[in-house]
> 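Okay, handing you the structure first.
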Amino acid sequence: MANPSHARRFSVLVAGLLATPIAAADSEEPRAIEEIVVTATKREQGIYDVPAALSVFDGGTLAERGITDLVDVGKFVPNLNVTTFSAGHTSSTNPFIRGIGTQDHLITTDPGVGVYVDGVYLGRQVGQHWNLTNIERVEVLRGPQGTLYGRNSIGGAVNIVTAAPGSDPGRRLSTRVGSRGRTDASLLLDANLSDTLATTISAGLRRRGGLGQFRNLPDVETEVGETRELSARVAVGWRPTPTFSLTLAADANDGDNGLNPYTTLIDEVPGGAVFAAGYRNADVARDPYDNNTGQARQARTTNAARGVSVTAAWDMGDRLTARTIASTRSSDYEAGLDDDGLFDDYLSFPEDGRADQTSVEVQLLGDFDGLDFVAGAYRFSEDGSNVQDPTVFLGFRGAFRLTQALDSTAFFASMSRAIGDQWRLTAGMRTTRDEKRATTDVGTGRVHAARSWQETSWDAAVHRAVNDYLSVYATVQSGYQSGEFPARPYCLFSDPDCFAAGDNVTAVNYEIGLKGQPRDRVELGVAVFRTRYDGLPYQVSTTAGAGFNTVNLIVTQHTTGLELEGALYMTDAFRLQFAVGRIGVDVDRQRGVQPAAPLTPELTAAISPEYRHVLASGAEVAARLDYSYRAAMWGEPSSDPARLTRIGSRGLVNFHVGLTAADSAWTAAIYGRNAGDVRYDNARLNTGDYVLRILSNDASEFGLRLERRF
């Protein structure tokens with residue numbers, strides 16, 4: 001349970017906020033800012049009515065902000081940091097919200113932030129670098145989402161919403177060419193085939209050159225950090241009657257990329273096995289974006305994903321709607337790291353992975369004169385594996401195998417009740433049962449293990465509408481994540497019983513906030529929160545013992561923070577968007593060590609001035625500048641005095657200047673991404689023998705974007 005003193009302080013803040021008189025605006029007065037409608041609570045609501053911290057990105061402006069994937073989204077949301085890290089992949093996504101996420105990707109690890117596409121949960125990080133070219137909007141919820149989103153959303157949830165078939169009939173062709181060999185193309189076809197049938201077809205190609213060369217592999221066909229990806233999606237919507245609709249969607253993506261840039265620091269850990277063997281920093285590539293590996297298999301990474309979903313909705317009168325979302329997905333990849341970065345095969349971990357998942361969610365939504373609710377049942381199953389063969393550790397060759405099967409079942413309900421014209425109370429509950437069955441072989445023989453967990457999550461919120469454009473809220477949210485089996489259990493060499501799952505993780509978040517338009521031309525969202533996590537696993541990897549061992553330090557973590565975001569419409573032509581997040585993390589000492597929350601900057605900020613002007617011809621000129629800042633952070637869960645895993649702060653600048661025709665038939669724009677060419681780290685891992693420095697694949701890029709609508 002949360003500290004009683006914190007609860008008392010929270011109740012005082014709640015009472016003060018809800019009782020604070022705020023001047024009401026004339027509800028009939030038209031506003032310059034239109035409220036966005038979201039589905040973050042599984043039903044349509046105005047964003048000001050959602051009692052939770054929520055950021056929304058409209059699909060129409062994603063390209064102007066330089067946002068093409070979830071990593072870019074992570075630059076502009078308070079207290080959000082998104083990296084690419086897993087197995088050397090440029091296509092993986094590791095989001096951290098309010099100090100919660102995971103750096104790992106193996107099948108026994110679970111992310112702390114859930115990513116959803118049209119209500120379908122994406123279980124694995126590799127291949128989750130979702131192409132955001134043809135998206136209606138992206139919603140980012142911060143804080144535990146244990147009631148409506150369930151397990152693995154203890155930090156928050158990212159909800160990607162695609163446009164419904166037939167919602168915007170026409171054709172759209174977009175291209176982007178630029179420096180670093182950038183060549184992108186996307187096609188969107190949206191058509192109403194009849195009064196009852198509509199379809200959307202989209203396809204995309206993304207290519208970008210690398211940042212370095214494989215110096216000891218002259219015949220390799222890829223560069224360090226090179227990306228080559230294809231994606232496609234087809235959706236068909238059928239509405240045979242006014243009360244029934246069915247949407248069938250299928251998507252696929254394939255990546256054939258170069259290894260993510262990284263470098264190994266050897267001299268910084270003298271006495272380690274690599275250092276003792278005579279290797280030095282001088283033996284790795286002089287340019288950290290080059291690579292001196294002699295292992296051709298590690299130079300190239302691949303990923304492929306396929307998915308099919310069916311969404312059916314049935315309006316049972318004016319007050320009730322039944323909805324079903326069913327999906328099956330599969331993904332596989334080839335990747336791995338040659339950790340030493342040397343020509344010699346001394347530390348190398350080539351890896352294959354796969355995961356297959358199925359999910360079914362049944363919902364019942366109701367609206368009865370001020371009382372609305374959503375209730376349902378959810379079933380998720382996943383089966384996956386990781387194989388490293390041969391894995392080479394300090395010259396010894398072997399194999400590593402890991403499999404896991406998961407079955408998860410949940411029942412949930414959330415109800416919201418209006419009290420008068422200003423007040424609304426919301427409460428929800430979800431009960432979840434997870435069962436995992438895992439197998440591993442690290443060279444000691446096959447080991448089996450199984451465990452199940454059951455937990456009930458809940459939330460409660462009070463919401464006060466000050467006027468039609470402004471509201472305040474107070475909420476208490478809980479979350480849950482099942483325990484995990486060790487990801488790399490080389491501890492089996494010394495402890496035959498160490499392949500065992502931990503207890504579940506629980507979270508309780510107290511939050512108060514304000515959102516809306518305190519005055520015309522001003523949009524504002526403010527959230528103050530304190531969250532307690534119990535049983536939270538911090539993953540620490542070492543080379544102690546017979547292999548690369550990943551240890552879960554189980555900690556209690558308290559996070560306290562402030563988030564501020566909004567927009568100022570200075571004139572009809574000029575507006576300024578901004579986002580600021582401040583977070584403090586307290587973690588209990590473990591085994592004489594003071595761990596620190598990984599990849600969690602204390603300060604995040606973004607500011608985006610935008611100017612639009614309509615010419616005499618009716619064409620519109622739009623100019624935009626986006627600056628994002630992430631303060632220094634720890635690259636892994638340790639605050640070592642030598643600061644070997646400390647990552648420096650960074651400030652990135654994007655710009656976009658475009659011209660759109662009067663009839664919106666075409667747009668031409670010049671753009672710049674990371675215009676200052678700031679190079680930064682995604683993570684740093686101190687294994688005890690060496691420091692593995694994972695470099696960002698981000699670099700300066702300038703080019704031309706063209707879009708034609710038919």
> For residues Asp383 and Arg354, report the shortest heavy-atom separation together with the two atoms involved.
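Minimum heavy-atom contact is OD2-NH2, 2.7 Å.
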> So do Glu221 and Arg300 actually touch side chain to side chain, heavy atoms under 4.5 Å?
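In short, these two side chains do not touch, never coming nearer than 4.5 Å.
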> In chain order, what residues pass the ring pair (Phe, Tyr, Trp, His ring centres under 6.0 Å) check against Phe485, with sequence neighbours excluded?
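Scan of Phe485 (ring pair (Phe, Tyr, Trp, His ring centres under 6.0 Å), adjacent residues dropped) gives Phe499.
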> When you check the gap from the basic side-chain N to the acidic O, do Asp434 and Arg151 get nearer than 4.0 Å?
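Salt bridge between Asp434 and Arg151, a charged N being under 4.0 Å from a carboxylate O: yes.
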> Show, in sequence, the C-alpha distance, side-chain angles and deciding distance for Glu226 and Asn257, and conclude whether the side-chain hydrogen bond (donor to acceptor under 3.5 Å, both in side chains) test is met.
CA-CA 5 Å; Glu226 182 178 358; Asn257 307 318; over 6 Å; no
> What is the minimum heavy-atom distance between Val82 and Val71, and which atoms define it?
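Taking every non-hydrogen atom into account, CG1-CA, 3.7 Å.
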> Below 4.0 angstrom, N of the basic side chain to O of the carboxylate: do Asp626 and Arg65 qualify?
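Looking at Asp626 and Arg65, the cut-off is met.
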> Would you check if Ile583 and Thr600 make a side-chain contact, meaning some heavy-atom pair closer than 4.5 Å?
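Result yes, sub-4.5 Å side-chain heavy-atom pair found.
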> Could you check whether the rings of Tyr121 and Phe380 sit parallel, tilted or perpendicular, using 30° and 60° as the cut-offs?
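Ring orientation of Tyr121 relative to Phe380: perpendicular.
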> So which heavy atom on Gly155 is nearest to which on Ile97, and how close?
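It is O-CG2, 3.2 Å.
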> Would you check if the side chain of Ser327 reaches a backbone N or O of Val308 as a donor-acceptor pair within less than 3.5 Å?
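The answer is yes, because a donor-acceptor pair under 3.5 Å joins these two groups.
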> Between Phe343, Tyr346, Tyr690, which is the residue that forms a ring-ring contact (aromatic ring centres under 6.0 Å, His included) with Tyr279?
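The ring-ring contact (aromatic ring centres under 6.0 Å, His included) with Tyr279 is passed solely by Tyr346 among Phe343, Tyr346, Tyr690.
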> Apply side-chain contact (heavy atoms from CB on, under 4.5 Å) to the pair Leu106 and Asn386, showing each step before the final yes or no.
CA-CA 7 Å; Leu106 295 187; Asn386 305 104; 3.5 Å; yes
> Determine whether Phe702 and Arg182 satisfy the following criterion, side-chain contact (heavy atoms from CB on, under 4.5 Å), listing intermediate values before the conclusion.
CA-CA 9 Å; Phe702 304 92; Arg182 168 68 73 182; over 6 Å; no
> Has the side chain of Arg451 got a donor or acceptor atom that lies under 3.5 Å from a matching backbone atom of Gly502?
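Checking the backbone N and O of Gly502 against the side chain of Arg451, a donor-acceptor pair under 3.5 Å is found.
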> Please report the interatomic distance CG(Leu644) to CD(Glu268), rounded to the nearest 0.5 Å.
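CD of Glu268 is found 7.0 Å from CG of Leu644.
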> For the atom pair CG (Asp407) and NZ (Lys436), what is the distance rounded to the nearest 0.5 Å?
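Answer for the CG-NZ pair, Asp407 versus Lys436, is 11.5 Å.
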> Before giving the answer on side-chain contact (heavy atoms from CB on, under 4.5 Å), spell out for Tyr490 and Thr440 the whole-Å C-alpha distance, their side-chain angles and the decisive distance to 0.1 Å.
CA-CA 10 Å; Tyr490 284 94; Thr440 190; over 6 Å; no
> Set out, in order, the CA-CA distance, both residues' side-chain angles and the distance that settles salt bridge (charged side-chain N to carboxylate O under 4.0 Å, His left out) for Asp681 and Arg693, then state yes or no.
CA-CA 7 Å; Asp681 295 351; Arg693 180 185 171 200; 2.9 Å; yes
> Quick check: does any side chain N or O of Arg446 sit under 3.5 Å from a backbone N or O of Asp441, one acting as donor and the other as acceptor?
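Pair absent, no side-chain N/O of Arg446 close to backbone of Asp441.
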> Could you walk me through whether Ile647 and Tyr680 satisfy the side-chain contact (heavy atoms from CB on, under 4.5 Å) test, starting with their C-alpha distance in whole Å, then the side-chain angles of each, then the deciding distance to 0.1 Å, before giving a yes or no?
CA-CA 8 Å; Ile647 296 174; Tyr680 56 94; 5.7 Å; no
> Given salt bridge (charged side-chain N to carboxylate O under 4.0 Å, His left out), test Arg206 with Asp69 step by step and report yes or no.
CA-CA 11 Å; Arg206 294 199 298 180; Asp69 50 45; 3.7 Å; yes
> Measure from the side-chain N and O atoms of Gln481 to the backbone N and O of Leu536, and report whether any donor-acceptor pair falls under 3.5 Å.
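Checking the backbone N and O of Leu536 against the side chain of Gln481, no donor-acceptor pair under 3.5 Å is found.
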> Going by atom types only, do Gln213 and Glu223 share a side-chain donor-acceptor pair under 3.5 Å?
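Present: a donor and an acceptor within the cut-off.
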> In the structure I gave you, are the side-chain heavy atoms of Leu80 and Phe96 within less than 4.5 Å of one another anywhere?
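No; the side chains remain at least 4.5 Å from each other.
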> Are side-chain heavy atoms of Ile694 and Arg684 found at a separation under 4.5 Å?
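Not in contact.
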> Would you say the side chains of Asp118 and Thr162 form a donor-acceptor pair under 3.5 Å?
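Short answer, yes.
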> Say whether, by atom type as modelled, one donor and one acceptor occur between the side chain of Asp340 and the main chain of Leu347 under 3.5 angstrom.
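Yes; judged by distance alone, with no hydrogens or angles, the pair exists.
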> Decide whether a cation-pi geometry holds between Arg280 and Phe275; the criteria are a distance under 6.0 Å from NZ or CZ to the six-membered ring centre and an angle within 45° of the ring axis.
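Yes, Arg280 sits over the ring of Phe275.
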> Is the number of heavy atoms from other residues, nucleotides or ligands under 6.0 Å of Glu602 CD greater than 12?
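No, because the 6.0 Å sphere around CD of Glu602 holds 12 heavy atoms or fewer from other groups.
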> Hey, is Arg673 close enough to Asp72 for a salt bridge, meaning N to O under 4.0 Å?
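Yes, charged N to carboxylate O under 4.0 Å.
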> Do you see a donor-acceptor pair shorter than 3.5 Å between the side chains of Thr358 and Ser381?
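Yes, Ser381 and Thr358 have a side-chain donor paired with an acceptor closer than 3.5 Å.
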> So which atom in Ala699 and which in Leu211 form the shortest heavy-atom distance, rounded to 0.1 Å?
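For Ala699 versus Leu211, the nearest heavy atoms are CB-CD2, 3.5 Å.
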> Give me the atom names and distance for the closest heavy-atom approach of Gln103 to Pro637.
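The answer is OE1-CD, 3.7 Å.
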> Restricting to non-hydrogen atoms, name the atom on Ile100 and the atom on Val113 that form the minimum distance, rounded to 0.1 Å.
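Shortest heavy-atom separation between Ile100 and Val113 comes out as O-CG2, 3.6 Å.
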> Would you say Thr84 and Asn682 are linked by a side-chain donor-acceptor pair, where the criterion is simply a distance under 3.5 Å?
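Asn682 vs Thr84: donor-acceptor pair found between side chains.
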> When you measure from the side chain of Asn697 to the backbone of Gly225, do you find a donor-acceptor pair of N or O atoms at a distance under 3.5 Å?
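Yes, Asn697 side chain to Gly225 backbone: donor-acceptor pair under 3.5 Å.
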> Using a 4.5 Å cut-off on heavy atoms from C-beta on, say whether the side chain of Asn253 contacts that of Glu229.
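No, their side chains stay 4.5 Å or more apart.
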> Is it possible for you to check whether Arg679 lies under 6.0 Å from the centre of the six-membered ring of Tyr289, through NZ or CZ, and within 45° of that ring's axis?
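Here Arg679 passes the 6.0 Å and 45° test against Tyr289.
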> Would a 4.5 Å heavy-atom cut-off, applied to side chains only, mark Thr604 and Lys75 as touching?
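Not in contact.
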> Go through the side-chain N and O atoms of Asp338 and Ser348 and say whether any donor and acceptor fall under 3.5 Å apart.
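No, no side-chain donor-acceptor contact under 3.5 Å.
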> Tell me whether Arg705 is salt-bridged to Asp184, with the criterion being a basic N under 4.0 Å from an acidic carboxylate O.
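A salt bridge is absent here (no side-chain N lies under 4.0 Å from a carboxylate O).
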> Between Arg401 and Asp389 (salt bridge meaning N to carboxylate O under 4.0 Å), is one present in this structure?
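Answer for the salt bridge query: yes.
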> Do Arg397 and Asp345 touch side chain to side chain, with heavy atoms closer than 4.5 Å?
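Side-chain contact under 4.5 Å: yes.
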> Which one of Asp356, Asp110, Asp332 satisfies the salt bridge (charged side-chain N to carboxylate O under 4.0 Å, His left out) criterion with Arg124?
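By the salt bridge (charged side-chain N to carboxylate O under 4.0 Å, His left out) criterion, Arg124 pairs with just one of Asp356, Asp110, Asp332: Asp110.
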> Quick one: sort the His105 and Tyr333 rings into parallel, tilted or perpendicular, breaks at 30° and 60°.
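Correct class here is perpendicular.
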> Determine whether Leu342 and Val284 make a side-chain contact, defined as any pair of heavy atoms from C-beta on separated by less than 4.5 Å.
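The answer is yes; the side chains approach within 4.5 Å.
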> Cut-off 3.5 Å, side chains only: do Glu701 and Tyr671 have a donor facing an acceptor?
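Their side chains do contain a donor-acceptor pair, which is all the 3.5 Å distance test asks for.
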> May I ask you to decide whether Asp290 forms a salt bridge with Arg215, counting only side-chain N to carboxylate O separations under 4.0 Å?
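Arg215 and Asp290: salt-bridged.
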